[in-house]
Amino acid sequence: MTPFSRGLHELANQCYVYLQPDGSWGWSNAGLVRGDGASLLVDTLFDLKLTAAMLDAMAPVRAAAPISTVVNTHANGDHCFGNQLVKGAEIVASAATAGEMGEYSPAMLAGLSAAPGEVGEMFRGFFGAFDFAGIELTLPTRTFDGRLDLDIGGRTVTLIEVGPAHTRGDTLVHVPDARTVYTGDILFIGGTPVVWAGPLSNWIAACDLILGMDVETVVPGHGPVTDKRGVAAVRDYLAYIDAEATARFHAGMSPWDAARDIALGEFAGLGERGRIAVNVEAVYRTLDPAHRSPGIVELFQRMAALERLGA
Ligand SMILES: [Zn+2]
């Protein structure tokens, strides 16, 4: 099994992963698929310094097989803010992801972290380890809907859009000849999934799709490399939250009360358990399309409050 240590690790058949423990807020993973004379990079990282360090670690592979293509699995900054450092590559994402990418800009995150008082202090608590200076949002140069086969130096890599789920446009990157799939944030291993978009049923369907694939190696967006057991665990969490939140919706409970009321049981040991506050909101929006969730500052306040409570 691949150790969960920072840096580049070779998986099967010229597929690599760049891991960033501890996998919590902003500490995302990236992937590299090497073909004959060309490589595909799965995601960049949250800031320029981290992305540059990753590209340095990939230098021996890139020397023989330069990165010709970047895939952004989704629009969150910890998967695309380093795009500007991969000059000359084609950047591919689903059309939904490309459309969402501008909404949480580096300037916005920098602004929240620099806010006065408790709000700034809270965001620095979540994102203070990252440096958002100098980032120029670099958007995809090619978009797709549904499915896209890429030829990377003679290897077929298949992109499969499974969003909206974690975000509006999540993409899986499947490398059939290595029996490997890079899932982006469809999988958080060791941490709690966060459902920014939903519906949860789409995300559960994405887990089922992976469970049905001929794959052995499963690379999550956050946390250690896993296999289908990791996929099943994420599916179990989402199905549990969906059922528990739905029951409380029908009982007339507010989403914030529901988030505080649901017992996490076997999932209590996951990191970032406060994300249940965001996940319950997604369930309520699905059940009542007129339901309006609070803004980003309040959602982070709720998550911080929940994690303080049980600490
Ligand atoms: Zn992420």
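Note that ligands are numbered from 1 as they come in the structure, with each ligand's atoms numbered from 1 the same way.
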Look at the side chain of Arg273 and the backbone N and O of Gly269, then say whether any donor-acceptor pair between them is shorter than 3.5 Å. no
If you apply the rule ring-ring contact (aromatic ring centres under 6.0 Å, His included), what do you find for Trp25 with Phe300, and how did you get there? CA-CA 12 Å; Trp25 289 104; Phe300 273 94; 5.1 Å; yes
Looking at Asp36, I'd like to know if its CG atom is crowded, meaning that more than 12 non-hydrogen atoms belonging to other residues, nucleotides or ligands lie closer than 6.0 Å. no
Are Pro176 and His174 side-chain neighbours, meaning at least one heavy-atom pair lies under 4.5 Å? yes
Sole candidate of Asn202, Val194, Leu187 that passes side-chain contact (heavy atoms from CB on, under 4.5 Å) when paired with His166: Val194
For the Zn ion (ligand 1), which protein N/O/S atoms fall under 2.8 Å? Skip waters. Asp78 OD2, His79 NE2, Asp185 OD2, His222 NE2
Sort and list the pairs that fulfil salt bridge (charged side-chain N to carboxylate O under 4.0 Å, His left out) and have at least one residue in residues 135-159, not counting sequence neighbours. Glu90-Arg142, Arg155-Asp177
